Structures are given as C-alpha cells and as structure tokens.
There are 2 protein chains.
Amino acid sequence: MNHRNKNKLRKSKQRDRILAVLKDTQTHPTANWVYDQLKPEFPSLSLGNVYRNLNILVEQGLVERLDFGSTFDRYEAKIEPHLHLVCESCGAIFDLDVPGEMNEKLEKHVSSRTDFQVLRQRMEVFGLCADCRDRDRR
Amino acid sequence: MNHRNKNKLRKSKQRDRILAVLKDTQTHPTANWVYDQLKPEFPSLSLGNVYRNLNILVEQGLVERLDFGSTFDRYEAKIEPHLHLVCESCGAIFDLDVPGEMNEKLEKHVSSRTDFQVLRQRMEVFGLCADCRDRDRR
DNA sequence: CTGGATGCAAAGGGTTTGCACGTTT
DNA sequence: AAACGTGCAAACCCTTTGCATCCAG
C-alpha cells in the first residue's frame, strides 16, 4: 500500500504540529479540521499533506483512525484504550473509560476460542447524547 | 438526510433479493459484491440501485453498515449482537459471540456514568487471523 | 392512475498521487 | 548532493443523485 521506509523519516514541523494538535484536543477531528487549525500557522499548508502525514502517524502507531458511519474519517492521538459514545443524531463523540477487566476478558474470550491474535480492540456505543435526547422529547 | 416515508415502501424483487443475499452469506460483503451476485439474476441491475436499497434496508434496521478501516463500506443482515474479528493483514472478518453479560455490563456502565442513551453497541477486535500469523512466521 | 422503484450516467466528495520544488541530513 | 517533505492540482474511487421510464398497488 505504501512504500515509505520507517527508518528514513525526517523531522517535519508540519507533522510534529499535526500530532501536537491531535494530542491537545479532546475532540475527534477530521483531517480538514486539523488543516483549518494549522493553516494560519502554515499559510502554504495543503490538505493533501495533512492526509499524508496523518497516514504516516497512523503507520507509526501514534495516531488512530476512527471509522464511524460518517462520510469522512476522524483521527485521535493514541492514548489509553477507551470507549466511544457516538451520538447518532448530532454526531458528537464522547470518551469514557472501559469497565475494569473488560479488555482482558474480551481478549481471553477470543484466545480461548479461536487462533486469532488480538492486537487491539474497539468498543463503541451508539445512541443519543443528553442534548439530543432532550430535544427529541419536546 | 433522506425524505423517504417508511409507510410508502413498496415491494421490490431487487430489494428482497439483496436482503436475502446478505442473510445467506457468512461474509460481510461490499455493495459491489452484492451487485455481482445479483447481476446474473437481474441483468439490468445497476450498482446505484444496490446502494439505494442497502440504504433503505439500513434505515429499516434490517441491515447494518460496517465501517472498518477499508476504503469501502461492508454490510451484513442484522442478527444477534456479536463480535467482529478483523484481520489487519488480509482484511478477513470473522464473527464470534460476545462474552456473556458483557453487553449488559457495558450498557450499565454507560448509564451509571453519563446521560447518554445507548441504542446499540459495537465490539471489534483487530489483529491477525491464524493464516496471516502463520505466514508472518515464515 | 399515482407515486415509489429502477437504470443510466453524471455529479459529489473525501482521499490519494504525480510532479516539480523546497528542506533536512 | 541525496532523498525525504511539501504544495498544487489532477486523478481516484466509492457513493449519491437527477431524470426519464417502469411497475406495484
């Protein structure tokens, strides 16, 4: 898919800042949002380059690509495993910790029944956030 | 997003067959795969119409759209909640049951800590399937 | 008859890529 | 100097949509 060699990566201010922006935010931004954030800082920045660097960061394992039902990808800097609460009405995404031991339990469950080697997990809950639920009640 | 009225849906052989194909398969097909399956049966079938009907079926809650990292959507007929094992090497997707009570536990966890109303859950595990793991060992 | 369903082809829209130039090592 | 990084714009590709036609109710 990609023939970049991990050992040959150079420093790049743009890439550094893209990662920093992702680490700073509590949201789960789109590539375009990241682009908007950095455009003032790098007036010549191109959206294509944001995509390129996001892909590199994902390859490096520093950033995770999120794929919800929406039409475009969202990204987040990799942190502790956590649960995503996705509002199906307004699209907001909230983070929550995973119930204790649940990750371990799930992995054991898979290992005990299959030969699949688990590298990472994803748990998501879809529904209505408080605001949208209230709005629907009117 | 869509202004179709659920009460005004008519029967359609194409839509019936699309759902049937999804129910018959153990895989998690793309729209194009479904199209290929049905093209011999409906020589005039168009890919656009497959997409239209898949969207209708998703709206009706009969089919679920899956969004993994791949470039195109996959679909599956709605059945019992289950776990997806996604191979990051070959893209294969396997189903597995969810450990007992885990769904309930997760929902209680969310309800007890937020005002988020849970409608559905998604649990996925990414890693390497047996074949790909063996291949990597060579 | 009426209005949803379909085929066809064109348009959409997020993401990727080729190329020439800029930058890091 | 060599090779990766960037900007720009065009290309990609899956998905959606407009429109004339078809068909179920």
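By convention in this document, chain letters (A, B, ...) are assigned in the order of the sequence lines, proteins followed by strands, and residues within each chain are numbered from 1. The shown structure was predicted, so the numbers you read here are calculated from the model rather than taken from an experiment.
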ring-ring contact (aromatic ring centres under 6.0 Å, His included) filter on A:H84, not counting sequence neighbours, yields A:H28, A:F68, A:H82
Closest to the 5' end of DNA chain C, once B:N53 and A:Y75 are matched to their nearest nucleotides, is B:N53
| said: So does B:H109 get a backbone contact from the side chain of B:S112, meaning a donor-acceptor N/O pair under 3.5 Å? | reply: yes
Tell me yes or no: between the side chains of B:N55 and B:R65, is some donor less than 3.5 Å from an acceptor? yes
d(A:K39 NZ, A:N32 CG) to nearest 0.5 Å is 11.0 Å
Contact under 4.0 Å: B:R52 side-chain N or O vs C:dA5 OP1/OP2: no
Sub-3.5 Å pairs of nitrogen or oxygen atoms, protein against nucleotides 21-25 of chain D:
from   : atom 1 : to    : atom 2 : distance (Å)
D:dA24 : N3     : B:R10 : NH1    : 3.2

Between the CG atom in B:L119 and the CZ atom in A:F126, the distance rounded to the nearest 0.5 Å is 11.0 Å
Within residues 36-50 of chain A, those residues having any heavy atom closer than 4.0 Å to DNA chain D are A:S44, A:L45, A:S46, A:N49
Which of B:V63, B:V58, B:I56 passes side chain to side chain contact (heavy atoms under 4.5 Å, CB included) with B:Q60? Answer is B:I56
On the nucleotide D:dG7, are OP1 or OP2 found under 4.0 Å from the side-chain N or O atoms that A:Q14 carries? yes
Between B:Q14 and B:N53, do the side chains contain an N or O donor and an N or O acceptor separated by less than 3.5 Å?
no
Q. Is A:N32 touching bases, backbone alone, or none of the nucleic acid, heavy atoms closer than 4.0 Å?
A. nothing
